[in-house]
Amino acid sequence: GQQLRPISTGCWKKQGCKNPVAGAFSTNSIHVRNSTGHIGMSTQVQDDEKVGQAKQREEELITVFNQVPLNRFMGLELIAVADGTSQAYFHTTEEVQTSSGTVNGCSYHIALEIAAGAAAISTLPAGRKAMTTDFFASVLRAAPINARIDVTAKVIKSGRSLVFVECEATCNNKIMATARVTKSVV
């Protein structure tokens, strides 16, 4: 690799430099020049930019998922999504109640599938989507009405054409339902 050497810290513009890339660096940048004279930012600055882009993508995914009508009807709220994981929750209400007074198992299925989708998409390049091709769920116990259900999802493997996700729904730290979801990348 080429050797990079620091040439300054801070903003080029503040130092009065007439460099054409002056406005491209933040005031916290470390500017480097390689052996051929090209100017760039240090790895740390590039890493900081990636973190900022990841945070922006997380906010965009949360906004999109929380605007889906079915998610809004259920009160399902995605609260975190990044690096192949997602977290969501919903409160069981009378709208999802069975005749026995507990939450309908399909409510778990919907929440688990939505969380799996968010986790899967977080591993893909922008603009790519993930569609469910296989869904296997186990409902372990019924939740009462007016309970908070927390849902987590984690990508186990993300490939070029398939993403494999494991999910869990809990209530008061008890596992209520689990799922294994396979998503096709489109």
Consider only side-chain heavy atoms of I, L, V, M, F, W and Y, link residues closer than 4.5 Å, and tell whether [X] and [Y] are in one cluster.
X: Y89; Y: I149; result: no
X: L70; Y: V64; result: no
X: V181; Y: V186; result: no

Assess whether side chain to side chain contact (heavy atoms under 4.5 Å, CB included) is satisfied between T85 and S122, documenting all intermediate values.
CA-CA 8 Å; T85 62; S122 75; over 6 Å; no
For the residue pair [X] and [Y], what are the closest heavy atoms and their distance?
X: R141; Y: I175; answer: NH1-O, 2.6 Å
X: A153; Y: V165; answer: CB-CG1, 3.9 Å
X: F90; Y: L76; answer: CB-CA, 3.8 Å
X: V103; Y: I145; answer: N-CD1, 4.1 Å
X: G117; Y: F65; answer: C-CZ, 4.0 Å
X: V185; Y: R160; answer: CB-O, 3.6 Å

Show your reasoning for whether side chain to side chain contact (heavy atoms under 4.5 Å, CB included) applies to F164 and R180.
CA-CA 7 Å; F164 301 91; R180 288 190 317 265; over 6 Å; no
Interatomic spacing from [atom1] in [X] to [atom2] in [Y] - rounded to 0.5 Å:
X: T93; Y: F73; atom1: OG1; atom2: CZ; answer: 6.5 Å
X: S99; Y: N104; atom1: OG; atom2: CG; answer: 9.5 Å
X: C167; Y: K154; atom1: SG; atom2: NZ; answer: 12.5 Å
X: M74; Y: E95; atom1: CE; atom2: CD; answer: 11.0 Å
X: I79; Y: I62; atom1: CD1; atom2: CD1; answer: 8.0 Å
X: T170; Y: D150; atom1: OG1; atom2: CG; answer: 4.5 Å

Using the side chain to side chain contact (heavy atoms under 4.5 Å, CB included) rule, take I114 and H109 through it: C-alpha gap first, then chi angles, then the decisive distance, then the call.
CA-CA 9 Å; I114 296 299; H109 296 171; over 6 Å; no
Side chains of Q97 and T92: is there a donor and an acceptor less than 3.5 Å apart?
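Per modelled atom types, Q97 and T92 side chains form no pair under 3.5 Å.
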What's the verdict on salt bridge (charged side-chain N to carboxylate O under 4.0 Å, His left out) for E58 and K55, showing C-alpha distance, side-chain angles and the deciding distance?
CA-CA 5 Å; E58 176 185 24; K55 185 67 177 165; 3.3 Å; yes
Validation row: [X], [Y] side chains within 4.5 angstrom (heavy atoms):
X: L162; Y: S184; answer: yes
X: H91; Y: N146; answer: no
X: L124; Y: V163; answer: yes

Within a radius of less than 6.0 Å around CG of N66, do more than 12 heavy atoms belonging to other residues, nucleotides or ligands occur?
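Counting neighbours around CG of N66, more than 12 heavy atoms of other residues, nucleotides or ligands fall under 6.0 Å, so yes.
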When you look at L112 and V151, which way does the side chain to side chain contact (heavy atoms under 4.5 Å, CB included) test go after all the steps?
CA-CA 7 Å; L112 292 164; V151 183; 3.9 Å; yes
Would you say the side-chain atoms of S86 pair up with the backbone N or O of A115, donor to acceptor, closer than 3.5 Å?
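Yes.
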Salt bridge (charged side-chain N to carboxylate O under 4.0 Å, His left out) evaluation trace for E166 with K157
CA-CA 10 Å; E166 289 186 351; K157 182 179 185 315; over 6 Å; no
